Amino acid sequence: QVQLVESGGGLVQAGGSLRLSCAASGRIFSSNAMGWYRQAPGKLREWVATITRGGSTNYVDSVKGRFTISRDNAKNTVYLQMNSLKPEDTAVYYCKAIDWGYWGQGTQVTVSS
């Protein structure tokens, strides 16, 4: 049973932008802080950004000033706006309902140089 559904990944040139979306059921969304993580080939999955139920945000240093996490409570959706993308941002990006530990299936982001 799929609880979180990501979309918006793709191929983009360095310096470009993408917006990822993660749709969740209402019960999950209203009960959880939400986060984005990523996993590059041959590397461990790493945390990218978090947004609390109240809207407070945090980011890993490598994306600060370039990525923005937001949530639309009416649509039960969390977003990751990614600007000024770099080749090192290439990874599978995963959405997570943090409090309950639910993961999405991931969406591929590839940044070409």
Side-chain angles (χ1 to χ4, degrees):
Q1 183 178 356
V2 178
Q3 307 277 9
L4 302 172
V5 180
E6 297 109 330
S7 61
L11 174 63
V12 64
Q13 289 188 331
S17 298
L18 284 173
R19 189 178 79 156
L20 306 182
S21 300
C22 173
S25 70
R27 191 169 69 96
I28 291 173
F29 195 80
S30 63
S31 300
N32 282 265
M34 301 296 294
W36 286 98
Y37 293 71
R38 65 187 180 186
Q39 187 166 16
K43 295 188 176 181
L44 297 175
R45 191 172 298 186
E46 68 167 350
W47 167 73
V48 175
T50 301
I51 185 165
T52 67
R53 287 182 291 169
S56 297
T57 59
N58 272 300
Y59 301 90
V60 67
D61 285 348
S62 60
V63 308
K64 284 181 181 177
R66 300 189 299 121
F67 290 10
T68 302
I69 188 171
S70 62
R71 61 192 295 159
D72 186 332
N73 293 331
K75 296 182 178 180
N76 297 329
T77 299
V78 61
Y79 302 99
L80 187 68
Q81 178 67 45
M82 305 186 295
N83 299 328
S84 302
L85 282 161
K86 305 175 181 180
E88 52 263 44
D89 294 318
T90 295
V92 178
Y93 284 71
Y94 297 89
C95 173
K96 184 180 183 181
I98 292 173
D99 297 79
W100 292 1
Y102 291 169
W103 291 92
Q105 81 286 356
T107 186
Q108 177 69 48
V109 171
T110 303
V111 184
S112 62
S113 56

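Keep in mind it's a predicted model, so treat the numbers as computed, not measured.
Criterion: ILVMFWY side-chain heavy atoms under 4.5 Å apart, direct or through other members. Under it, Tyr79 and Ile28 are not part of a common hydrophobic cluster.
Separating the OG1 atom in Thr110 from the CG atom in Asp89 is a distance of 11.0 Å, to the nearest 0.5 Å. Taking CG of Asn32 as the start and CZ of Arg27 as the end, the distance is 9.5 Å to the nearest 0.5 Å. A distance of 12.5 Å separates CG in Leu80 from OH in Tyr37, rounded to the nearest 0.5 Å. Between atom CG of residue Leu11 and atom CD of residue Gln13 there is a gap of 8.0 Å, rounded to the nearest 0.5 Å. The distance from atom CD of Glu88 to atom OG of Ser62, rounded to the nearest 0.5 Å, is 8.5 Å. The CE atom of Met82 sits 11.0 Å away from atom OG1 of Thr68, with the distance rounded to the nearest 0.5 Å.
Annotation for Ser17 and Gln81: closest pair CB-NE2, 4.0 Å, computed over non-hydrogen atoms. Here the shortest heavy-atom pairing between Trp36 and Ser21 reads CH2-O, 3.7 Å. Heavy atoms only, all atoms of each residue included: Ala14 and Ser113 are closest at CB-CA, 4.4 Å. When all heavy atoms of Tyr59 and Ala49 are compared, the closest pair comes out as CD2-CB, 3.6 Å. When all heavy atoms of Ala97 and Met34 are compared, the closest pair comes out as CA-SD, 3.8 Å. Between Tyr102 and Leu4, the shortest heavy-atom contact is O-CD1, 3.3 Å.
Note: Tyr93 and Phe67 have tilted aromatic rings, judged against thresholds of 30 and 60 degrees for the angle between ring planes.
Using a distance-only test at 3.5 Å, with no hydrogens or angles considered, a donor-acceptor pair links the side chain of Glu6 to the main chain of Cys95. Remark: side-chain polar atoms of Thr90 are paired, donor with acceptor, to backbone N or O of Val111 under 3.5 angstrom. With hydrogens and angles ignored, the 3.5 Å screen pairs no side-chain donor or acceptor of Arg45 with any backbone N or O of Val92.
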Handout entry: side chain to side chain contact (heavy atoms under 4.5 Å, CB included) evaluation trace for Arg71 with Phe29
Key = CA-CA 9 Å; Arg71 61 192 295 159; Phe29 195 80; 3.5 Å; yes

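No side-chain heavy atom of Ile69 sits less than 4.5 Å from a side-chain heavy atom of Thr50. In this structure, the side chains of Glu46 and Arg38 come closer than 4.5 Å at one or more pairs of heavy atoms.
Salt bridge Asp99/Arg53: absent, no basic N to carboxylate O contact under 4.0 Å. Of the charged side-chain nitrogens involved, at least one lies within less than 4.0 Å of a carboxylate oxygen, so that Lys64 and Asp61 count as a salt-bridged pair.
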